[in-house]
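Okay, so here's the structure we're looking at.
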Amino acid sequence: METTSKSTTTPTKTSSGHNDNEDPYPSLSDCHDYEPNLEFDDTELQHTVVNPDLLQDDVVSLGGGLDYLESPVSDGTIEDNFEAELLNAPTRAFDSLSYPFVDEDEDEEDFSDVSTYGIVEVVGDDTAGRRVIVVSACRLPGNKELDHQRLLRYLMYTLDKFVEQDYSLVYFHHGLTSKNKPTISWLWQAYCAFDRKYKKNLKALYLVHPTNFIRIIWKIFRAVISVKFGRKMMYVNCLNELSQYLNLDQISIPQPVLEHDERLMAKNSRFSSSSAAAPSPPHTPAPTPLPTQQFGVSLQFIKENHQGEVIPPLVRQCVEFLSSPDALETEGLFRRSANVSVVKELQAKVNQGLPIDFNGDVHIAAVLLKTFLRELEEPIMTFDLYDEITQFQSISKDERPRHVKILILEKLPEDNYQVLKYIVRFLSKVMDRCDLNKMTSFNLAVVFGPNLVWSQSGQLSLSAIAPINMFTDFVLVHHDQIFII
């Protein structure tokens, strides 16, 4: 069985060049002098909406002063204990937020009305293999149209799907106006609601196009934001800076943000003769791949150039390395990020046909495997099957086994079938050690679903995440009944 491969060019990603597995990105707030104008009147901020003394009183009442909380030698202990205490402490400045967490046996809250605004999007992975979540302020409707408490529950509902693995958050600030900006008390409630569960695996928070509003908010909340969390925040004044860490072609950047960035670059060009502010050169076609290349090409290309091997050599090497007992029992396998420069170096060697060595690092091998799947010209579960997979949630439970077998056994090309079977059977070994590695079928589905299924546009809408994860989880759980021996 054959299918037509829809070839797409995989953009080149730029390495940040430092160890993202251990250290968060530093802040760039001191590296830029240019400050965009406020898009709304910040009188509210400058006229005591929040009394910092109240916040300071609450902090001191917990047994620590401001100097203690802002100690640059924090080892994380302060963050772990302080945030838990802060959530339980009586806060006089604002009322605490009561978030109705949904029990597994209860129906989930329907956020379809909120999701239509496109405020939150999941857009693939960054250069370290971390999932990227984008929040766009310009897509916030007027305050009278949207209940911000409901928006907060929607944000938590979205993040709940990803917080167990390393992830990055991008916030496009342009477009926040006096008509759609939330209150300061809501921002405080949001910070309290996003407890350590959400913060511990957040590796980078990019604040794009910051204004005085962001800096004033930072000064107000600085007393109660841990140093450890503060180091994850990074001001990004233009999209060109953001491209150092993320593949912008994978991000659905709102048109108002693109236009705003162009205006900023044009304005900055009058004050600087640096060519760095010049517009990016026009897109040029990707060079012809080397015969030895495995990243960014099709399964058919790899097979034709590697002695007819159906299982790509890199996939086999990663799986065999990760199949050792020590690797299978590593907690957080496939959820942790890896050193960007090492991953890029190994990718280059693979594409050149050179031997590679993981040096005993299971997370390097795990990220390489995920990166290989994500950078295929067409996903393992082909573009033609995308619509059927995203409808999986609407299929009755009795019909799901038959539906999945038809998709995989009849509609999936033979080579794709063999590669999928090889990977899923390996993942079944990972599930068998879930008591140690914490990677259940659901957790693996969250990680691998978007790397096995995506649309031809390359974007992953929030409405597609649940059915894709559910489909992948079903395949993992029932792999013995699906795949022919």
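In this structure, the side chain of Lys232 engages the main chain of Leu202 through a donor-acceptor pair within 3.5 Å. At least one donor-acceptor pair under 3.5 Å links the side chain of Asn143 to the backbone N or O of Lys181. Side chain of Thr177 to main chain of Lys179: a donor-acceptor pair is present (N/O by atom type, distance under 3.5 Å, no hydrogens or angles). Looking at Arg316, its side chain never comes within 3.5 Å of a backbone N or O of Ile311 through a donor-acceptor pair. Using modelled atom types, no side-chain atom of Tyr417 and backbone atom of Phe483 make a donor-acceptor pair closer than 3.5 Å. Glu388 places no side-chain N or O within donor-acceptor distance of the main-chain N or O of Leu407, the cut-off being under 3.5 Å. Asn351 places a side-chain N or O within 3.5 Å of a backbone atom of Gln294 that can act as its donor or acceptor partner.
A 4.5 Å side-chain heavy-atom check between Phe321 and Asp361 finds every atom pair outside the cut-off. No side-chain heavy atom of Leu207 sits under 4.5 Å from any side-chain heavy atom of His173. Residues Asp113 and Tyr154 fail the side-chain proximity criterion, which asks for heavy atoms closer than 4.5 Å. The shortest distance between side-chain heavy atoms of Asp261 and Phe172 does not fall below 4.5 Å. The shortest side-chain heavy-atom distance between Asn469 and Pro450 falls under the 4.5 Å cut-off. Using a 4.5 Å cut-off on side-chain heavy atoms (C-beta onward), Leu368 and Phe358 make contact. Contact of the His363 side chain with the Thr330 side chain is registered, since non-hydrogen atoms from C-beta on lie closer than 4.5 Å. Looking at heavy atoms from C-beta onward, Val430 lies in side-chain contact with Leu328 at the 4.5 angstrom threshold.
Here Ile119 contributes atom CD1 and Glu121 contributes atom CD; the two are 10.5 Å apart, rounded to the nearest 0.5 Å. Note: Met233 CE to Leu169 CG = 10.5 Å, rounded to the nearest 0.5 Å. Taken to the nearest 0.5 Å, the CG atom of Asp473 stands 13.5 Å off from the CD1 atom of Ile468. For the atom pair Glu304 CD and Ser298 OG, the distance stands at 7.0 Å (nearest 0.5 Å). The OG atom of Ser396 sits 10.0 Å away from atom CZ of Arg402, with the distance rounded to the nearest 0.5 Å. Taking CD of Gln300 as the start and CG of Asn305 as the end, the distance is 10.0 Å to the nearest 0.5 Å.
When all heavy atoms of Leu299 and Pro312 are compared, the closest pair comes out as CD2-CG, 3.8 Å. Here the shortest heavy-atom pairing between His148 and Asn180 reads NE2-O, 3.8 Å. Heavy-atom minimum distance, Tyr171 versus Ala137: OH-CB, 3.6 Å. Across Gln481 and Lys405, no two heavy atoms sit closer than the pair O-CE, 3.1 Å. Contact record, Trp454 with Glu378: CZ2-C, 4.1 Å, taken as the closest heavy-atom pair. When all heavy atoms of Leu412 and Ile380 are compared, the pair lying nearest together is CD1-O, 3.3 Å.
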Original post:
Hey, mind stepping through Leu152 and Phe194 against side chain to side chain contact (heavy atoms under 4.5 Å, CB included) and telling me if it holds?
Top reply: CA-CA 10 Å; Leu152 181 54; Phe194 291 122; 3.7 Å; yes
**OP:** Go through the steps for Tyr157 and Glu109 under the test side chain to side chain contact (heavy atoms under 4.5 Å, CB included), then give the verdict.
**Re:** CA-CA 9 Å; Tyr157 167 81; Glu109 185 173 358; over 6 Å; no
Subject >> Derivation and outcome, side chain to side chain contact (heavy atoms under 4.5 Å, CB included), residues Glu241 and Cys238 >> reply: CA-CA 6 Å; Glu241 290 178 10; Cys238 64; 3.6 Å; yes
Original post:
Run the side chain to side chain contact (heavy atoms under 4.5 Å, CB included) check on Arg336 and Asn201 step by step: do they pass?
Top reply: CA-CA 9 Å; Arg336 300 279 80 86; Asn201 289 335; 3.0 Å; yes
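By the 30° and 60° cut-offs, the orientation of the rings of Phe392 relative to His403 is tilted. Between His209 and His174, the ring planes are perpendicular. Angles over 60° get that label, and only those under 30° would be called parallel.
In this structure, Arg153 fails the cation-pi test against Phe111, since its NZ or CZ atom is not both closer than 6.0 Å to the six-membered ring centre and inside 45 degrees of the ring normal.
At a cut-off of 3.5 Å, with distance as the only test, a side-chain donor of Ser112 or Asp110 sits close to an acceptor on the other residue.
In this structure, Arg433 pairs ionically with Glu329, as a charged nitrogen and a carboxylate oxygen lie closer than 4.0 Å.
Of the residues Val362, Val367, Asn443, Leu427, the one that meets the side-chain contact (heavy atoms from CB on, under 4.5 Å) test with Phe334 is Leu427.
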